[in-house]
Each structure stands twice: as structure tokens, then as C-alpha cells.
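Working notes for the structure below.
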Amino acid sequence: MSKLYVRTLREVPAEAETPSHRLLLRAGFIRKTAAGIYTYLPLARRVLAKIERVVREEMDAAGGQEVLLPLLQPAEIWRASGRWDVYGEEMFRLRDRHDREFCLGPTHEEIITTLVGNEVRSYRELPLLLYQIQNKYRDEIRPRFGVMRSREFIMKDLYSFDRDEEGLERSYQAMFRAYSRIFARLGLAFRAVEADSGAIGGEVSHEFMVLAGTGEATIVHCRACAYAANAEKAEAAPAVPEAPSNVRPEEVHTPGLRSVPEVAAFLGVPPTRLIKTLVYITARGPVAVLLRGTDNLNEVKLGHVLDGAWFRPATEEEAAAMGIPLGFAGPAGLQGIRIIADPAVMAMGEAITGANRPDYHLRGVVPGRDFRPDEIRTVRLAQSGDPCPRCGAPLAEQRGVEVGHIFKLGTKYSQALNATFQDENGLQRPFVMGCYGIGITRTMAAAIEQNYDEEGIKWPLPIAPYEVIVIPVNVNDAGQWEKAHALYLSLREAGVETVLDDRDERPGVKFKDADLIGFPLRLTVGPRSLAEGRVEVKDRATGEVFAWPLTEAVRLCRHYLETMRAKLQERAGL
RNA sequence: CGGGGUGUGGCGCAGCUUGGUAGCGCGCUUGCCUUGGGCGCAAGAGGUCCCGGGUUCAAAUCCCGGCACCCCGACCA
């Protein structure tokens with residue numbers, strides 16, 4: 001320990017907010033070099049190496065072959081795919097001495113597709129699965145949470161090349177299984193969820209989420225069946241339509257009441273009886289979005305409805321210019337604006353809306369009778385309690401950290417880059433591709449978000465930087481020191497990754513550091529247990545404390561670690 | 001990029017309003033003491049007060065310009 005390059009911090013650096021960021025800094029795993037750029041110290045390096053090792057084993061087992069690709073990439077291949085202009089500010093760009101343009105690779109579809117397109121001629125060579133584990137660079141608008149959202153990060157990416165959709169499906173399924181094995185082997189609780197494929201393209205996509213209360217992603221999942229999705233993607237079974245009411249619309253005076261809860265309380269009705277009208281400015285003109293009072297807008301889905309055109313909420317002034325008083329907006333009588341209604345709104349038999357007149361709402365509004373939207377599209381965010389789209393049981397929400405994402409890309413890149421092979425009929429066809437990423441550095445952070453307490457990190461055994469720390473309570477006591485040192489040497493000899501805390505520090509300091517760094521097992525050699533010829537054992541994850549006879553310690557320690565591993569394997573169903 | 005905030009020994013901060021000597025806690029070094037949960041005592045080392053310009057006899061402090069970093073938002077693995 002005295003030789004290990006680790007400096008723990010007693011006080012929390014002011015810049016750290018999230019648990020993983022704070023603990024990685026405090027426990028001496030990382031140091032910041034610039035915003036979103038970190039130096040990884042020896043402890044972190046060991047964790048990353050362990051994660052990478054499991055990833056390599058599973059990628060190889062699934063038929064992947066590792067390559068190293070350039071981080072510095074010429075602009076021309078990005079121009080060829082059309083992404084040089086599309087990628088925008090997020091790409092680090094630079095020029096060489098001849099003024100040629102380059103970028104630091106934010107991802108590697110272009111490089112790999114160009115490579116394979118130049119090399120692979122025949123369907124007989126397919127499928128081909130190539131992967132890399134390397135740094136990637138993205139000039140994030142706002143790096144944050146330490147290593148969770150940094151500008152330089154380590155990522156594993158595998159690209160699959162198949163001859164057709166069936167081949168892609170096989171590759172995709174193989175990767176899905178490999179990913180499930182990886183996160184299980186790392187000792188992490190995770191969930192695979194259906195995801196929106198976003199900017200990278202393609203139709204089908206799954207994210208692998210490490211479950212953690214501090215995670216930034218919301219997962220919606222079914223308690224009864226296997227359905228789980230990113231909240232952005234999640235669906236709910238359609239609302240049951242109510243019989244339309246035959247009451248007539250009537251204005252009510254609602255002075256200064258602009259929000260759904262206020263109006264509902266004032267009128268003495270549940271907020272589900274209200275329709276809220278959101279006004280957006282978009283690249284295609286103004287849009288009014290109608291949602292049930294208790295629903296929230298899913299901006300990703302609205303984006304799809306708008307075919308990816310940009311949009312933002314209208315300001316009070318902009319809405320007023322269209323004759324819409326924000327807070328009192330309603331669909332009835334709206335002119336000159338595209339109206340998009342969520343199906344849940346259309347299922348309402350009678351509702352309360354804004355009256356498009358300051359300080360007035362309208363009750364007795366019947367959707368379909370008193371207003372007709374231009375489009376009925378699902379734009380609400382699925383939420384806890386909604387019926388599952390598969391089985392109807394109530395949905396629940398969880399938080400998670402996205403650590404893996406798998407996509408079916410299809411022929412998007414192979415067509416753009418003219419990467420083709422010859423099929424058995426002699427025809428040139430574009431490769432059908434998939435891409436499968438794992439954030440290695442982010443996985444380290446996610447593991448902490450899932451496993452920590454007040455005192456520090458509780459590393460899952462498979463990725464802990466070391467497995468065991470041996471602490472002599474007093475290194476100046478010859479008996480303790482000799483026993484501890486001997487124990488340390490025999491553990492190492494037995495293949496246990498062990499650290500000896502040989503520092504002449506007070507026991508409290510050593511215990512605190514051991515808890516902070518998160519060694520899964522702590523063996524204490526001190527006067528209490530030594531008197532009985534025992535060593536004291538503390539399991540960091542469970543907090544259990546017990547003792548082993550010193551003479552049996554090595555054997556029992558190995559056995560204990562083996563049992564921990566076996567439990568993980570069992571839980572993983574491996 | 002919009003809004004808010006911060007830059008003072010390694011870390012956490014005070015001092016700035018009202019200009020004049022740079023201070024506290026932790027850490028670090030040395031000695032004594034102590035050894036089962038970040039002991040105790042004593043003596044030390046360590047600072048371009050983010051950078052540049054201006055005002056002034058005098059600037060950490062006031063003014064102007066820049067840079068860096070953090071938080072909230074839009075964006076994302």
C-alpha cells in the first residue's frame with residue numbers, strides 16, 4: 001500500500017456532484033486534466049482492464065475479431081458518408097500542416113465500412129464481426145458527472161457485416177446474448193430495454209442499462225411480463241375510449257389559474273379531466289400539442305412526428321402573437337396552427353381545456369366534436385401505472401445508466417460509402433450492418449452508482465481493482481506485522497489479488513481508506529483476533545464481520561471468493 | 001449557446017462590501033507521544049491571490065478585457 005500510487009482525499013473536491021465522480025476522485029482512481037478529460041490512475045486502470053477482459057472474452061466467443069482503428073480520421077471519409085456536415089459541433093476537428101482536415105473519431109462506422117468495403121469481395125467471407133476497444137472523442141456541449149459524460153472516453157464497438165437481414169438478425173441476437181453475459185459477469189444488476197435509435201440510424205435498437213437510483217435514464221418496465229423500454233421509446237396500451245358526453249361547452253372564469261393542478265383544484269375535478277395545450281415553434285411552423293392533464297410530452301416522439309425538424313416551446317410573446325394566451329390555450333377554435341393530439345386525449349368523453357381567452361377555461365369540451373386535430377399521434381411519455389402494451393399489467397419506472405447500445409444499421413453506411421460484396425448470383429450488394437457499443441469507462445462509473453455507501457465504493461468482485469486488503473492494526477508490533485506480511489505473501493502466491501497496508505498509520509485511517517477504495521474483502525491482523533490465532537474478516541458489500549483461523553486463512557479466503565463468484569454466475573444464469 | 005456562479009498553498013474555504021501585514025481547517029515535513037474507525041502535543045515547509053491592462057503613493061480587494069472551471073437548460077453513450 002505504501003508503494004501503490006494512490007492518494008485518497010478526505011475532503012470532497014468541489015466539482016464533484018454524483019457519487020461515482022466524487023468517489024473516483026476521493027478514492028484516488030481518477031484526476032481531472034481538463035473539462036471532460038481525465039487521467040486514469042493505477043486503481044482505475046486495473047478496473048478498466050478487468051472490464052475490457054470480460055468484454056474481449058465475450059466478443060471473441062461470439063465470433064468477433066479485434067482490430068485497432070485510427071483515432072485520427074481524414075475528413076474525406078466523413079464527407080463520403082455525409083456526416084462531416086451532419087455531426088456538427090460535437091466533432092473535434094483539426095488540420096494538419098498541409099491544411100488537410102481531420103477529426104478525432106467520435107465513432108468508427110466510416111473507417112470500418114471503408115475498410116471492409118475495400119477488402120471483402122464475396123458473400124463467402126460473411127458474416128464478419130470486427131471490434132475495437134479504444135478512445136473516442138466527442139466535444140460534448142456540457143461534459144458532466146465525471147467519467148459518465150466525458151469528452152474522451154473508452155468504448156468498445158463491434159461492427160457486424162452480413163449478406164442479408166436474416167444474417168443481421170443472427171448477429172444482433174448473438175450480440176444481445178453476449179451483452180447480457182458481459183454485464184452479468186461483471187456482477188452488475190442490469191436490464192436490456194427497447195430504445196429509440198436516435199441519430200446513429202437504423203430501426204431496431206436495445207440499450208443495456210445498469211440499474212441505479214442516480215441514473216439519468218428512465219426505464220419503463222412491466223411487472224408481469226418481460227417488456228422494458230427506455231422511457232423515450234416506451235409505449236402503453238391505448239386508453240379505453242369513454243362514451244362522448246352530450247353536454248355543451250361552457251366558459252368558466254378561472255382568474256390567474258394557469259396550471260393543470262390549479263385549475264383542477266379550483267373546479268373540483270381530478271386533473272385527468274383536463275387537456276393541456278402546449279405550443280411549439282418548429283422548423284415547419286407552429287404546432288399545438290394536446291395531452292391529458294396528467295401526461296407529459298415525450299419530446300423524442302414529437303420529434304418523430306415532426307420528421308426530425310427542430311422545435312422548441314413558444315414564448316409567451318410568440319404565442320400571444322398567434323392569438324394564444326399561454327396558460328389558457330385550448331384546441332377549440334384554434335386557427336392557423338397544426339394540432340397534434342395524443343390518442344389518450346381523443347379517448348376522453350368530456351374535458352376541460354383553455355378557452356383561448358385570458359382567465360377563462362372551457363368545460364364540457366368533447367374531443368372530435370368541439371375540435372378536430374390535424375393528426376392523432378402518440379406523443380405522451382409512458383409512465384408508472386400505465387397498462388403494459390404487451391400484457392396490460394401496470395408498468396413501473398426505474399432509473400438506470402446506459403452502458404451499452406446495440407443497433408441494426410442496415411445498409412445506411414454501406415450504401416453511402418459504396419461498400420458492397422458479390423452474392424451467389426454475381427450481384428453487387430451492400431453489406432447489411434449492425435453496430436454494438438459498450439462504454440467501458442462509463443461502465444466503471446455505473447458500477448459505482450449501483451454499489452456505494454457513505455464510506456465509499458463497494459466494488460463487485462469481478463471488477464474490483466484488488467480482491468483483498470490485509471491490514472495489520474499496528475505495523476510496529478512485530479507479531480502483527482510478521483503475521484500480516486506472511487498472510488499477504490501466501491495469498492498472493494495462491495493467486496489472490498492482495499494489497500498489504502504496510503503504512504504506519506492509525507488503524508482508523510487504514511480502515512477508512514479500505515472502505516473508500518472498496519476492497520471486497522478486508523483481513524485485519526490485530527491484537528484481538530491474533531490472541532485466538534485468528535484473522536478478522538469483513539465483507540465490504542454485506543458488512544458482515546467474522547474470523548478465520550490464521551492457519552486456514554488462505555484456503556478459506558480462496559473458498560470465500562470462489563463462492564462469491566459462483567453466486568454471481570448463478571445469478572447470471574451462466 | 002442562453003441563465004446562474006466560482007477562480008486565494010495539494011484539498012475545502014475565509015478575506016474583497018470599506019484598498020495598506022494573505023489567513024483558517026485538512027493534508028505535507030520533522031520530533032515526541034499514540035495504535036481497533038480519518039489520535040494528541042510541538043516545530044516547520046509551502047502562495048505569480050486565474051491571466052492581461054487600467055485607476056492609485058499603494059490592488060487579492062476598485063474598473064476594463066480575456067481565460068478556465070462548476071451548476072441549471074437545450075443535446076447526448
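Hydrogens, waters and symmetry mates are skipped; everything else that's a heavy atom, side chains included, is used. In what follows, every chain begins at residue 1, and chains take the letters A, B, ... in the order their sequences are listed.
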For nucleotides 68-70 of chain B, which of its nitrogen or oxygen atoms have a protein nitrogen or oxygen under 3.5 Å away, and what is each distance?
residue : atom : partner : partner atom : Å
C69(B)  : OP1  : A35(A)  : N            : 3.1
C69(B)  : O3'  : K32(A)  : NZ           : 3.0

Any-strand Watson-Crick or G-U partner of [N], both distances under 3.5 Å:
N: C1(B); answer: G73(B)
N: C32(B); answer: G40(B)
N: C67(B); answer: G7(B)
N: G27(B); answer: none
N: C16(B); answer: none
N: G46(B); answer: none

Round to a whole Å and report the spacing from [atom1] of [X] to [atom2] of [N].
X: Q480(A); N: U34(B); atom1: CD; atom2: C1'; result: 14 Å
X: E299(A); N: C75(B); atom1: CD; atom2: C1'; result: 11 Å
X: N476(A); N: C33(B); atom1: CG; atom2: C1'; result: 12 Å
X: I440(A); N: A77(B); atom1: CD1; atom2: C1'; result: 12 Å
X: E207(A); N: A77(B); atom1: CD; atom2: P; result: 8 Å
X: K136(A); N: A77(B); atom1: NZ; atom2: P; result: 12 Å
X: I51(A); N: A77(B); atom1: CD1; atom2: C1'; result: 15 Å
X: E140(A); N: G73(B); atom1: CD; atom2: P; result: 15 Å

Answer yes or no: side-chain N or O of E11(A) and base N or O of G27(B) forming a donor-acceptor pair under 3.5 Å.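 No.
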
Once hydrogens and angles are ignored, does a donor-acceptor distance under 3.5 Å link the base of U35(B) to the side chain of D477(A)?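 No such pair is found, so the answer is no.
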
Is the closest basic N to carboxylate O distance between [X] and [Y] below 4.0 Å?
X: R181(A); Y: E58(A); value: yes
X: R185(A); Y: E57(A); value: yes
X: K156(A); Y: E52(A); value: no
X: D157(A); Y: K136(A); value: yes
X: R79(A); Y: D85(A); value: no
X: K510(A); Y: D504(A); value: no

Pairwise 5' ranking along RNA chain B for I141(A) and T441(A), keeping only the more 5' one: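 Comparing both residues, the 5'-ward one is I141(A).
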
Take E216(A) and V12(A), find for each the nucleotide of RNA chain B with the closest heavy atom, and name the residue whose nucleotide sits nearer the 5' end.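 Taking each residue's closest nucleotide, the earlier one in sequence belongs to V12(A).
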
Decide whether a cation-pi geometry holds between [X] and [Y]; the criteria are a distance under 6.0 Å from NZ or CZ to the six-membered ring centre and an angle within 45° of the ring axis.
X: R442(A); Y: F153(A); value: no
X: R93(A); Y: F102(A); value: no
X: K32(A); Y: Y38(A); value: no

Using the side-chain hydrogen bond (donor to acceptor under 3.5 Å, both in side chains) rule, take R22(A) and Y452(A) through it: C-alpha gap first, then chi angles, then the decisive distance, then the call. CA-CA 11 Å; R22(A) 203 172 61 230; Y452(A) 73 96; 5.8 Å; no

D504(A) side-chain proximity, nearest of U35(B), A77(B), C71(B):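 Nearest listed nucleotide: U35(B).
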
In whole Å, what separates the [atom1] atom of [N] from that of [M]?
N: C13(B); M: G66(B); atom1: P; result: 27 Å
N: G12(B); M: A22(B); atom1: P; result: 24 Å
N: G38(B); M: U6(B); atom1: P; result: 35 Å
N: G10(B); M: C28(B); atom1: P; result: 15 Å
N: C41(B); M: G27(B); atom1: P; result: 12 Å
N: G40(B); M: U48(B); atom1: P; result: 30 Å
N: G23(B); M: C64(B); atom1: C1'; result: 29 Å
N: G9(B); M: C24(B); atom1: C1'; result: 12 Å

Any side-chain N or O of R144(A) below 4.0 angstrom from OP1/OP2 of G73(B)?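 Indeed, a polar side-chain atom of R144(A) lies that close.
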
Below 30° counts as parallel, above 60° as perpendicular, anything between as tilted: where do the rings of [X] and [Y] land?
X: H206(A); Y: Y172(A); value: tilted
X: F29(A); Y: W459(A); value: tilted
X: Y137(A); Y: F92(A); value: perpendicular

Would you tabulate the nitrogen or oxygen pairs shorter than 3.5 Å linking the protein to nucleotides 4-9 of chain B?
none

Can you tell me if R53(A) has over 12 outside heavy atoms packed within less than 6.0 Å of its CZ?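 No, not enclosed.
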
So which of residues 481-489 of chain A are in contact with RNA chain B, with a heavy-atom cut-off of under 4.0 Å?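 Heavy-atom cutoff 4.0 Å gives no residues at all.
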
Could you go step by step and tell me if R399(A) and T218(A) meet the side-chain hydrogen bond (donor to acceptor under 3.5 Å, both in side chains) rule? CA-CA 5 Å; R399(A) 306 290 294 178; T218(A) 303; 2.4 Å; yes

Could you encode protein contacts along nucleotides 36-42 of chain B as a string, one character per nucleotide from 5' to 3', using B for base contact, S for sugar-phosphate-only contact and - for no contact, with a heavy-atom cut-off of under 4.0 Å? BBBB---

Tell me what S150(A) touches on the nucleic acid: a base, only sugar-phosphate, or nothing, going by heavy atoms under 4.0 Å.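 Answer is base: heavy atoms of S150(A) come under 4.0 Å of a base.
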
Pairs involving residues 479-488 of chain A, ordered by first then second residue, that meet side chain to side chain donor-acceptor pair (under 3.5 Å) (sequence neighbours left out):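 Pairs touching residues 479-488 of chain A that pass the test: Y488(A)-R492(A).
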
Please tabulate, one pair per line, all N/O donor-acceptor pairs under 3.5 Å involving side-chain atoms of residues 531-539 of chain A, not counting sequence neighbours.
residue : atom : partner : partner atom : Å
D539(A) : OD1  : A541(A) : N            : 2.9
D539(A) : OD1  : T542(A) : N            : 3.2
D539(A) : OD2  : Y560(A) : OH           : 2.6

